[in-house]
Amino acid sequence: MSEEEKVLAQETEEPAAESAEAAAEANVNAPETAEAEAPAEAEASAAEETPATEAPAEETPAPEAPAETMADYDAAITASMKPIHEGDILKGTIIGVSDEELTVDLGIYTDGIVRLEDASDDPNFSFRDFEIGQEISATVIRRDNAQGRIQLSLKAAAAVLGWERLQQLEKEQSNITVKINEAIKGGVTTYVEGIRGFIPASKLSLSYVENLDEYVGREIEVRVITAEPDNKRLVLSARDILREKEQEERKQRISNVEVGLVTEGVVETIKDYGAFINLGKGLSGLVHVSQISQQRIRHPGAVLKEGQTVKVKVIAVKDGKISLSMKVLEDVAAQEIEEETYKMPKAESATTSLASLFKNIKL
């Protein structure tokens with residue numbers, strides 16, 4: 001073989017050897033590649049079999065406040081420019097309080113003012129019970145005062161709204177608390193809703209009131225019994241409330257009275273059918289004519305008189321009434337007398353006594 005052929009053969013064998021070495025390396029690395037790909041395929045398969053975890057629900061955002069529109073502004077502007085007339089009753093919110101006046105936000109182009117003299121006819125009235133933020137109703141008495149504000153009156157509004165409420169109170173017979181302002185002939189006066197009311201002396205208490213001045217400045221519960229706006233007549237009463245309370249207290253006391261109780265009482269009233277006995281503490285009971293005496297009497301007055309103190313026994317308590325008896329105590333007294341024992345004199349004492357009787361007798 002020539003030199004050229006040897007060189008050519010050598011060049012041909014080197015690429016072949018390189019190809020063989022590459023193939024061998026490929027065969028060596030093939031298992032590693034397969035092993036690397038296998039876990040990836042397993043993970044993909046596992047991922048397909050494992051159900052996906054649900055994503056946490058997103059919080060629902062709070063609804064946004066509706067954007068104000070021109071229509072809203074138009075409504076507000078229209079309300080603020082509403083024409084105001086004297087005599088109108090307006091509602092507003094107090095934004096200022098002083099000893100002399102209230103400042104009221106009316107929701108219009110300017111504020112309102114209530115002066116003390118326009119608040120009430122009550123000479124003891126003050127603004128100390130009013131608070132900022134409180135809503136009130138007042139009547140327009142001047143559309144534009146010197147300060148450019150609307151002048152309002154609470155007592156003018158009360159002349160309309162106050163009577164409406166008073167008539168409702170009369171209809172419902174609701175209790176209200178009032179403060180007595182002054183004592184006048186025949187009763188006392190007070191103010192309700194800024195309106196002067198009258199409480200007759202006969203409606204002030206359950207008993208006769210001798211000194212009406214004692215009630216001035218006191219607070220009492222009353223009910224409206226007459227509310228006549230046309231005649232400006234307001235009449236109140238405390239008597240009915242006091243009577244109801246007394247009856248309730250009496251029922252409670254009666255429930256504590258036990259049958260068989262023996263006590264003393266004073267004859268309060270005498271009727272044809274019996275006598276009412278005052279037992280004290282607001283309690284009274286009836287002694288029927290048949291329970292007054294062992295002897296038969298035609299009228300309780302034959303035995304009893306008003307103001308007399310008697311001893312009685314409770315024989316029944318029913319329906320809030322107490323039944324009494326004097327006769328049963330007579331029966332007990334008579335029985336006790338019969339059961340008493342007396343010691344007889346000794347024989348010798350009797351003999352001596354008889355001897356002394358016949359001592360001076362001559363036969």
Side-chain angles (χ1 to χ4, degrees), residues 78-182 184 187-200 203 219-237:
T78 301
S80 67
M81 298 303 293
K82 178 182 177 181
I84 303 299
H85 304 93
E86 293 182 3
D88 289 348
I89 297 178
L90 305 179
K91 288 185 178 181
T93 303
I94 297 175
I95 58 175
V97 181
S98 71
D99 292 338
E100 300 299 326
E101 63 182 24
L102 298 177
T103 304
V104 185
D105 179 7
L106 301 171
I108 55 177
Y109 57 89
T110 187
D111 296 332
I113 293 294
V114 181
R115 298 182 304 182
L116 186 60
E117 57 266 31
D118 296 320
S120 175
D121 288 326
D122 184 353
N124 298 318
F125 179 88
S126 73
F127 288 132
R128 64 177 176 271
D129 294 328
F130 289 81
E131 299 177 352
I132 292 177
Q134 180 180 343
E135 292 188 352
I136 61 171
S137 296
T139 300
V140 177
I141 57 177
R142 184 178 297 175
R143 290 183 297 175
D144 189 2
N145 64 7
Q147 290 78 34
R149 295 183 291 185
I150 296 175
Q151 194 166 326
L152 304 170
S153 172
L154 289 177
K155 64 182 180 182
V160 178
L161 302 178
W163 281 110
E164 291 178 358
R165 182 168 183 266
L166 290 170
Q167 288 179 315
Q168 186 67 24
L169 289 172
E170 179 186 10
K171 180 180 179 181
E172 297 173 353
Q173 284 297 282
S174 302
N175 296 354
I176 56 175
T177 301
V178 299
K179 186 174 182 179
I180 304 302
N181 182 60
E182 63 176 341
I184 60 175
V188 296
T189 64
T190 185
Y191 284 84
V192 184
E193 298 292 324
I195 297 171
R196 188 172 184 263
F198 176 66
I199 307 174
K203 300 292 185 181
E219 289 188 349
I220 62 172
E221 273 193 308
V222 296
R223 288 177 184 163
V224 178
I225 58 175
T226 303
E228 299 176 351
D230 294 339
N231 299 323
K232 295 184 178 180
R233 185 166 179 261
L234 174 61
V235 183
L236 311 167
S237 172

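For the numbers below, each heavy atom of this structure counts, side chains included, while hydrogens, waters and symmetry mates do not.
In terms of heavy-atom proximity, Lys203 sits nearest to Leu236 at CB-O, 4.1 Å. Considering all non-hydrogen atoms of both residues, Leu106 and Gly92 come closest at CD2-CA, 4.2 Å. When all heavy atoms of Phe127 and Val114 are compared, the pair lying nearest together is CZ-O, 3.7 Å. Smallest separation of non-hydrogen atoms from Glu170 and Ile225: OE2-O, 3.2 Å. Heavy-atom minimum distance, Ile195 versus Gly162: CD1-C, 3.9 Å. For the residue pair Gly96 and Ile132, the shortest heavy atom distance occurs at N-CG1, 4.3 Å.
Asn181 has its side chain within reach of Pro123: a pair of non-hydrogen atoms, C-beta onward, lies under 4.5 Å apart. With a 4.5 Å cut-off on side-chain heavy atoms, Val192 and Ile176 count as touching. Residues Thr226 and Leu234 have side chains not in contact (no heavy-atom distance under 4.5 Å, counting atoms from C-beta outward). Counting heavy atoms from C-beta outward, Ile199 and Ser237 have side chains that stay 4.5 Å or more apart. The shortest distance between side-chain heavy atoms of Thr190 and Phe198 does not fall below 4.5 Å. Annotation: side chain of Leu152 is not in contact with side chain of Thr139 (no heavy-atom distance under 4.5 Å).
Side-chain atoms of Glu164 and Gln168 include no donor-acceptor pair closer than 3.5 Å. Side-chain polar atoms of Ser98 and Glu100 form no donor-acceptor pair below 3.5 angstrom.
Atoms CG and CG, from Asp111 and Leu102 in turn, are 12.0 Å apart once rounded to the nearest 0.5 Å. Rounded to the nearest 0.5 angstrom, Arg115 CZ and Leu154 CG are separated by 12.5 Å. Atoms OG1 and CD1, on Thr103 and Ile94 in that order, are 9.5 Å from each other to the nearest 0.5 Å. Considering OG of Ser120 and CD of Glu193, their distance stands at 10.5 Å, rounded to 0.5 Å. In this structure, CZ on Arg143 lies 6.0 Å from CD on Glu86, to the nearest 0.5 angstrom. To the nearest 0.5 angstrom, Ile141 atom CD1 is 13.0 Å from Asp88 atom CG.
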Audit row: Leu116, Asp99, side-chain contact (heavy atoms from CB on, under 4.5 Å) steps and yes/no
CA-CA 8 Å; Leu116 186 60; Asp99 292 338; over 6 Å; no
One pair to check against side-chain contact (heavy atoms from CB on, under 4.5 Å): Ile84 and Leu90. What are the steps and the verdict?
CA-CA 9 Å; Ile84 303 299; Leu90 305 179; 4.2 Å; yes
Full working for side-chain contact (heavy atoms from CB on, under 4.5 Å) between Ile184 and Thr189
CA-CA 7 Å; Ile184 60 175; Thr189 64; 3.6 Å; yes
Give the intermediate values and the outcome of side-chain contact (heavy atoms from CB on, under 4.5 Å) for residues Gln167 and Leu169.
CA-CA 5 Å; Gln167 288 179 315; Leu169 289 172; over 6 Å; no
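Sequence neighbours left out, not one pair with a member in residues 131-140 passes salt bridge (charged side-chain N to carboxylate O under 4.0 Å, His left out).
Counted within 6.0 Å of CZ on Arg223, heavy atoms from surrounding residues, nucleotides or ligands total more than 12; the atom is thus considered enclosed.
Ion pair Lys179/Glu219 not flagged as a salt bridge, since none of the NZ, NE, NH1 or NH2 atoms sits closer than 4.0 Å to an Asp/Glu carboxylate oxygen. In summary, Glu182 and Arg196 engage in a salt bridge, as defined by a charged side-chain N under 4.0 Å from a carboxylate O. A salt bridge links Lys155 with Asp121: the closest approach of a Lys/Arg side-chain nitrogen to an acidic carboxylate oxygen falls below 4.0 angstrom.
Judged by distance alone, with hydrogens and angles left aside, the side-chain atoms of Asn231 form no donor-acceptor pair with the main-chain N or O of Arg233 at under 3.5 Å. Side-chain atoms of Thr110 do not come within 3.5 Å of backbone N or O of Ile150 as any donor-acceptor pair. For Asp122 (side chain) and Asn124 (main-chain N/O), a donor-acceptor pair under 3.5 Å exists by modelled atom type.
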